[in-house]
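Along the sequence shown, the residues carry numbers beginning at 1.
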Amino acid sequence: MDEFEQQWQDALEERFGEINEMAEVQSEAHLTTIKIFYFEDLPEEGTLTAVTCGLSNASHPDWKHGKPELIVSLHTSDKSWGFAAGYFASAYFNEKRFSYGDVFLIDDPISQESEMSAYLVFAPSFLNQEESTFELPDRTIHLAGMYPLFASEIDLYDRIGLKEFWHSEGFDMYNSKRAPISG
């Protein structure tokens with residue numbers, strides 16, 4: 001584990017408690033490897049939270065006041081949801097901003113629990129701005145929340161916007177088995 005990874009792990013464990021499991025993902029052989037740290041029962045019992053480690057090593061011209069790492073929190077025990085966040089971080093390293101409102105889509109479902117195959121980036125579900133900001137010796141990290149979507153919901157999201165979509169009947173940010181929202 002390099003110095004950054006250790007500092008990030010320490011900062012996360014100080015704020016969230018002990019990491020229960022770690023995994024690595026590399027979207028393609030020549031791309032950056034991203035680690036995923038899993039926290040069970042965070043923020044509440046039955047919720048699995050996954051946080052990436054490595055996206056903040058990337059550079060993007062829009063990142064002026066800090067760099068992102070991704071966080072996924074769902075009522076599930078399926079680690080595929082966190083793995084997918086790491087996959088997107090690896091696949092779009094140095095390319096995408098991972099800013100609020102961005103959508104990431106793959107061809108296949110993220111998990112066997114659901115047909116959802118996309119993620120929407122927005123504020124972390126259980127953290128305020130101060131709690132989702134980490135000051136490390138060499139960088140400021142802002143956690144960016146990842147919320148699963150059905151591919152069929154992307155057009156609706158594009159049409160009605162983030163605020164309306166977020167408040168749509170049937171949208172439950174923690175439910176990995178929710179039904180698609182139609183509009």
Side-chain angles (χ1 to χ4, degrees), residues 12 21-28 31-39 42-43 47-58 60 62-63 66-127 132 141-168 170-183:
L12 288 170
E21 192 174 322
M22 281 190 329
E24 290 186 351
V25 60
Q26 187 177 23
S27 61
E28 292 182 40
L31 295 176
T32 300
T33 298
I34 301 292
K35 285 187 168 56
I36 303 113
F37 298 139
Y38 291 98
F39 298 86
L42 177 74
T47 304
L48 181 66
T49 293
V51 179
T52 62
C53 174
L55 178 59
S56 64
N57 289 327
H60 193 283
D62 290 350
W63 296 346
K67 296 181 171 194
E69 290 289 352
L70 309 176
I71 184 170
V72 179
S73 298
L74 292 168
H75 295 308
T76 186
S77 60
D78 186 350
K79 294 182 175 63
S80 299
W81 300 104
F83 191 85
Y87 174 88
F88 288 126
S90 175
Y92 297 106
F93 192 85
N94 283 335
E95 283 183 39
K96 302 284 185 178
R97 303 173 311 158
F98 293 89
S99 294
Y100 293 1
D102 289 352
V103 174
F104 294 86
L105 174 68
I106 54 176
D107 293 334
D108 297 313
I110 292 170
S111 165
Q112 293 181 350
E113 293 180 323
S114 168
E115 290 297 312
M116 288 187 269
S117 60
Y119 268 129
L120 167 65
V121 182
F122 194 51
S125 61
F126 66 95
L127 302 167
S132 64
I141 294 176
H142 301 286
L143 288 176
M146 300 289 276
Y147 299 93
L149 300 177
F150 291 90
S152 62
E153 294 173 328
I154 295 172
D155 285 343
L156 174 65
Y157 166 76
D158 287 342
R159 193 171 71 250
I160 66 175
L162 179 61
K163 183 178 179 186
E164 291 298 318
F165 183 84
W166 199 258
H167 296 288
S168 295
F171 181 73
D172 178 350
M173 69 178 128
Y174 289 113
N175 187 349
S176 62
K177 299 173 185 172
R178 70 175 175 81
I181 296 168
S182 58

Scan for salt bridge (Lys or Arg N to Asp or Glu O under 4.0 Å) pairs involving residues 170-183, sequence neighbours excluded, and state none if there are none. Glu153-Arg178

If we only count heavy atoms from C-beta on, is the [X] to [Y] side-chain gap below 4.5 Å?
X: Leu120; Y: Leu162; value: yes
X: Leu149; Y: Met116; value: no
X: Tyr119; Y: Val72; value: yes
X: Pro148; Y: Leu74; value: yes
X: Ile71; Y: Phe39; value: no

If you measure from [atom1] on [X] to [atom2] on [Y], what distance do you get to the nearest 0.5 Å?
X: Lys163; Y: Ser168; atom1: NZ; atom2: OG; value: 12.5 Å
X: Ile160; Y: His167; atom1: CD1; atom2: NE2; value: 10.5 Å
X: Thr52; Y: Glu69; atom1: OG1; atom2: CD; value: 4.0 Å
X: Glu164; Y: Arg159; atom1: CD; atom2: CZ; value: 11.5 Å

May I have the step-by-step check of side chain to side chain contact (heavy atoms under 4.5 Å, CB included) for Cys53 and Leu12, ending in yes or no? CA-CA 10 Å; Cys53 174; Leu12 288 170; over 6 Å; no

Quick check against the 3.5 Å criterion: does Lys67 have a side-chain atom that pairs as donor or acceptor with the backbone of Ala58? yes

Glu115 side chain to Pro109 main-chain N or O, any donor-acceptor pair under 3.5 Å? no

All ring pair (Phe, Tyr, Trp, His ring centres under 6.0 Å) counterparts of [X], not counting sequence neighbours:
X: Phe88; answer: Phe104
X: Tyr147; answer: Trp166
X: His142; answer: none
X: Phe150; answer: none

Show the nearest heavy-atom pair for residues [X] and [Y], with the distance to one decimal.
X: Phe93; Y: Gly54; answer: CE1-O, 3.2 Å
X: Ile154; Y: Ala118; answer: CD1-CB, 4.0 Å
X: Thr76; Y: Asp78; answer: OG1-N, 2.9 Å

Applying side-chain hydrogen bond (donor to acceptor under 3.5 Å, both in side chains), name anything that partners [X], two or more places apart in sequence or on another chain.
X: Ser132; answer: none
X: Tyr174; answer: Ser125
X: Ser77; answer: none
X: Thr49; answer: Ser73

Over 12 foreign heavy atoms within 6.0 Å of CD, Glu95: yes

Which atom pairs, donor and acceptor, lie under 3.5 Å between side-chain atoms of residues 31-38 and protein residues at least two apart or in another chain?
| residue | atom | partner | partner atom | Å |
| --- | --- | --- | --- | --- |
| Lys35 | NZ | Glu5 | OE1 | 3.3 |
| Lys35 | NZ | Glu5 | OE2 | 3.4 |
| Lys35 | NZ | Glu24 | OE2 | 3.1 |
| Tyr38 | OH | Lys79 | O | 2.7 |
| Tyr38 | OH | Phe83 | N | 3.3 |

Can Asp107 and Ser117 be said to form a side chain to side chain contact (heavy atoms under 4.5 Å, CB included), step by step? CA-CA 7 Å; Asp107 293 334; Ser117 60; over 6 Å; no

Worked check of side chain to side chain contact (heavy atoms under 4.5 Å, CB included) between Leu48 and Trp81: CA-CA 9 Å; Leu48 181 66; Trp81 300 104; over 6 Å; no

Tell me every residue that passes salt bridge (Lys or Arg N to Asp or Glu O under 4.0 Å) with Asp102, counting only those two or more places apart in sequence or in another chain. Arg97

Report the C-alpha distance between Gln26 and Ser90 in whole Å, list the side-chain angles of each, state the deciding distance to 0.1 Å, and finish with yes or no for side-chain hydrogen bond (donor to acceptor under 3.5 Å, both in side chains). CA-CA 6 Å; Gln26 187 177 23; Ser90 175; over 6 Å; no

Who are the side chain to side chain contact (heavy atoms under 4.5 Å, CB included) partners of Ala91, not counting sequence neighbours? Ser27, Tyr87

Walk me through it: do Met146 and Val121 pass the test side chain to side chain contact (heavy atoms under 4.5 Å, CB included)? CA-CA 5 Å; Met146 300 289 276; Val121 182; 3.6 Å; yes

